[in-house]
Amino acid sequence: MLDTDLNDAIARKGELEAEKFDAIFGAGNLTAARAALDDCNAEIALIEKTIEDADERRIGAPLDEPPAEAVAATPAPGDEVRTNAEALGERWRTIHWLIEQLRQELFAADALSRAIIANGMFDADGAAGVRVNLTTIRRTAMAGPRAAAPSRLSRPAIQADRLLLSFLSPGGVLDRRPSIGAPVDGIKSKFIPAGERG
């Protein structure tokens, strides 16, 4: 239920961010839009804190005292497998939650991008000289250190990792511009990266 509430609040945050952006350009009440967005952020923070506290209580909860004969007995061979299976399930649930958060942020970013494009006639709106480069904004925001992949990964994990990195890389799924030196219409560029020059 908390996860559902959190996803709903994140979706509402995206809508409120779009409303705030519109209000900046005169299409709405900016003060009311900011107040609503602040309330939504506070709600998201409260839900996230509640989820975090619940997770800590679950992890720290004492286990039932086992019978004396069970303590003396040798652990069953399947115990480690069951433990790893439960941990794996938790990992996949976390991945699911993170992907849903990523989707909500993507929807909100797309709404803001469309709002900027829709308000492209800045001169007519009295904001002459305002120019925004959406590609530069995204590339700058997504630049930064990246986690190194483990030396051993399964083939599906490698493919998934490449897909995730394509969201961050120039010329990836979110970038209509090819990366420097990438082939264009099947024609390979004559550009040679610095690391490959003789």
Side-chain angles (χ1 to χ4, degrees), residues 1-18 37 40-61 79-114 116 132-184 188-189 191-197:
M1 290 177 63
L2 287 172
D3 287 340
T4 300
D5 292 343
L6 181 59
N7 288 334
D8 291 342
I10 292 173
R12 189 163 63 256
K13 175 184 176 182
E15 297 171 357
L16 292 173
E17 286 178 337
L37 183 57
C40 186
N41 284 329
E43 180 183 355
I44 291 174
L46 178 60
I47 296 174
E48 289 178 338
K49 178 62 176 173
T50 303
I51 292 175
E52 181 181 348
D53 291 343
D55 288 339
E56 290 178 356
R57 287 196 301 270
R58 185 176 68 250
I59 294 172
D79 285 349
E80 183 177 357
V81 174
R82 282 190 291 269
T83 300
N84 288 340
E86 291 175 2
L88 178 61
E90 285 294 330
R91 293 287 184 179
W92 285 122
R93 278 188 286 273
T94 300
I95 290 172
H96 172 268
W97 180 77
L98 289 172
I99 289 175
E100 287 303 317
Q101 275 204 309
L102 174 61
R103 293 181 67 224
Q104 296 299 336
E105 292 296 331
L106 178 63
F107 299 156
D110 183 70
L112 290 173
S113 296
R114 286 185 286 106
I116 291 173
V132 177
N133 188 312
L134 301 181
T135 300
T136 300
I137 291 174
R138 189 191 64 255
R139 287 186 175 183
T140 301
M142 289 185 166
R146 300 176 185 174
S151 56
R152 298 181 62 184
L153 272 181
S154 66
R155 185 179 298 274
I158 293 174
Q159 293 174 342
D161 185 50
R162 287 175 178 170
L163 176 61
L164 292 174
L165 288 176
S166 72
F167 285 91
L168 304 175
S169 305
V173 294
L174 293 177
D175 198 340
R176 290 176 295 179
R177 302 181 184 180
S179 58
I180 297 176
V184 178
K188 188 174 181 180
S189 170
F191 173 81
I192 303 175
E196 299 178 7
R197 297 173 187 170

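What you see below is based on every heavy atom in this structure, not just the backbone, and it leaves out hydrogens, waters and symmetry mates.
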CD1 (Ile47) and CD1 (Ile51) are apart, to the nearest 0.5 Å, by 7.0 Å
Rounding to 0.5 Å, atoms CG (Leu106) and CZ (Phe167) come to a distance of 7.0 Å
Practice item. May I ask you to test the Gln104-Gln101 pair for a side-chain heavy-atom distance under 4.5 Å? Key: no
Taking every heavy atom of Ile44 against every heavy atom of Ala9, the minimum-distance pair comes out as CG1-CB, 3.6 Å
Of all heavy-atom pairs linking Asp161 and Ala149, the shortest is OD2-CB, 4.2 Å
So CG of Asp175 and CG of Leu168: to nearest 0.5 Å the spacing works out to 11.0 Å
The reported gap from CD in Glu17 to SG in Cys40 (rounded to nearest 0.5 angstrom) is 8.5 Å
Looking only at heavy atoms, the pair that brings Ala108 and Gly14 closest together is CB-CA, 3.6 Å
- Query: Is a salt bridge present between Arg114 and Asp110, judged by a nitrogen-to-oxygen distance below 4.0 Å?
  - Reply: yes
Under 4.0 Å between a Lys/Arg side-chain N and an Asp/Glu carboxylate O for Glu43 and Lys13?
no
Q. Got more than 12 heavy atoms from elsewhere within 6.0 Å of CZ, Arg162?
A. no
Quick one: does Met142's side chain get under 4.5 Å of Leu174's, heavy atoms only?
yes
For this session: Could you tell me whether Arg12 and Glu15 make a salt bridge, using a distance below 4.0 angstrom between a side-chain N and a carboxylate O?
Result: no
